[in-house]
Amino acid sequence: MFVSAFDAGWEGHESATYKDATVDERSGSKPEHETRVEDSQEAHSILQGLGYVPVIAFEKRCRNYEFEARGRQLLATLVRVPEIDGTFLEVETLVDEDDVTAALDDVRAVLAELGIGPEDLTRETYTGAVAAQRG
């Protein structure tokens, strides 16, 4: 399955992201592969030329903050999707496959320090939420 996103960030750049299969069912965490895109229209043309067909398109605006906690470099991203109510917070870090469980524990601890508990988390994707909003 091919999934990609072209994100127009608040910081003025666009990126393409491939999300692999879920590695943690509880959080829905997935390995991501991302690269900066100079021209999203050309990138779309390349993907379409390879036979990929857009299924859903929506705008996602992100603001990134890098910080260190619990001995890890973390990235907190504030996300707004105009078609979905609210602002979302993503916290992530890069780790080797054998460190996923410990890293997720550290991310959950950081969220708890911010007053964000398990009841505040969702596994719903932006794609799923936008599709549901559109009916």
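Computed from a prediction, not measured in an experiment: that's the story for all the values here.
Using a 4.0 Å cut-off between charged nitrogen and carboxylate oxygen, Arg61 and Glu59 count as a salt-bridge pair. Asp24 has a carboxylate O that lies under 4.0 Å from a charged side-chain N of Arg108, or vice versa, which qualifies the two as a salt bridge. A salt bridge links Asp106 with Arg72: the distance from a Lys NZ or Arg NE/NH1/NH2 to an Asp or Glu carboxylate oxygen falls below 4.0 Å.
No continuous path of hydrophobic side-chain contacts links Val55 to Tyr18 [ILVMFWY only; heavy atoms under 4.5 Å]. Under the 4.5 Å side-chain heavy-atom criterion for grouping Ile, Leu, Val, Met, Phe, Trp and Tyr, Leu78 is connected to Leu114 within one hydrophobic cluster. Criterion: ILVMFWY side-chain heavy atoms under 4.5 Å apart, direct or through other members. Under it, Ile56 and Val81 are part of a common hydrophobic cluster.
Counting non-hydrogen atoms of other residues, nucleotides and ligands closer than 6.0 Å to CG of Asp120 gives a total above 12. No more than 12 heavy atoms of other residues, nucleotides or ligands shown are found within 6.0 angstrom of CZ on Arg26. Within 6.0 Å of CD in Glu68 there are more than 12 heavy atoms belonging to other residues, nucleotides or ligands. The environment of CG in Leu121 is crowded: more than 12 heavy-atom neighbours from other residues, nucleotides or ligands sit within 6.0 Å. For CD of Glu113, the number of neighbouring non-hydrogen atoms (other residues, nucleotides, ligands) closer than 6.0 Å is greater than 12.
Considering only heavy atoms from C-beta on, Arg80 stays 4.5 Å or farther from Cys62 through its side chain. You'll find the side chain of Leu89 reaches within 4.5 Å of the side chain of Leu111, heavy atoms only. A heavy-atom distance below 4.5 Å is not found between the side chains of Tyr65 and Leu75.
Once rounded to the nearest 0.5 Å, the distance linking OG of Ser15 with CD of Glu34 reads 4.0 Å. Here Lys19 contributes atom NZ and Glu32 contributes atom CD; the two are 4.5 Å apart, rounded to the nearest 0.5 Å. Taken from CD in Glu66 to OG1 in Thr93, the straight-line distance is 10.5 Å, to the nearest 0.5 Å.
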Working for side-chain hydrogen bond (donor to acceptor under 3.5 Å, both in side chains), residues Thr77 and Glu90: CA-CA 5 Å; Thr77 304; Glu90 300 176 4; 4.7 Å; no

Val79/Lys60 under side-chain contact (heavy atoms from CB on, under 4.5 Å): CA gap, chis, key distance, verdict: CA-CA 7 Å; Val79 178; Lys60 178 180 168 189; 3.8 Å; yes

Test side-chain contact (heavy atoms from CB on, under 4.5 Å) applied to Val110 and Phe67, step by step: CA-CA 11 Å; Val110 168; Phe67 66 102; 4.1 Å; yes

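Scanning all heavy atoms of the two residues, the minimum distance from Val37 to Ala43 falls at CG1-CB, 4.0 Å. When all heavy atoms of Leu104 and Ser29 are compared, the closest pair comes out as CD2-OG, 3.2 Å. Nearest heavy-atom pair, Ala69 versus Leu74, reported as atom, atom and distance to 0.1 Å: CB-CD1, 3.7 Å. Annotation for Pro31 and Ala21: closest pair CD-O, 3.2 Å, computed over non-hydrogen atoms. Annotation for Phe88 and Ile84: closest pair CZ-CG2, 3.6 Å, computed over non-hydrogen atoms. For Glu124 against Ala129, the heavy-atom pair with the smallest separation is OE2-CA, 3.5 Å.
A donor-acceptor pair under 3.5 Å is absent between the side-chain atoms of Thr22 and the main chain of Glu25, judged by distance alone.
When the options Thr101, Val95, Val100, Asp96 are evaluated for a side chain to side chain contact (heavy atoms under 4.5 Å, CB included) with Asp98, the one that passes is Asp96.
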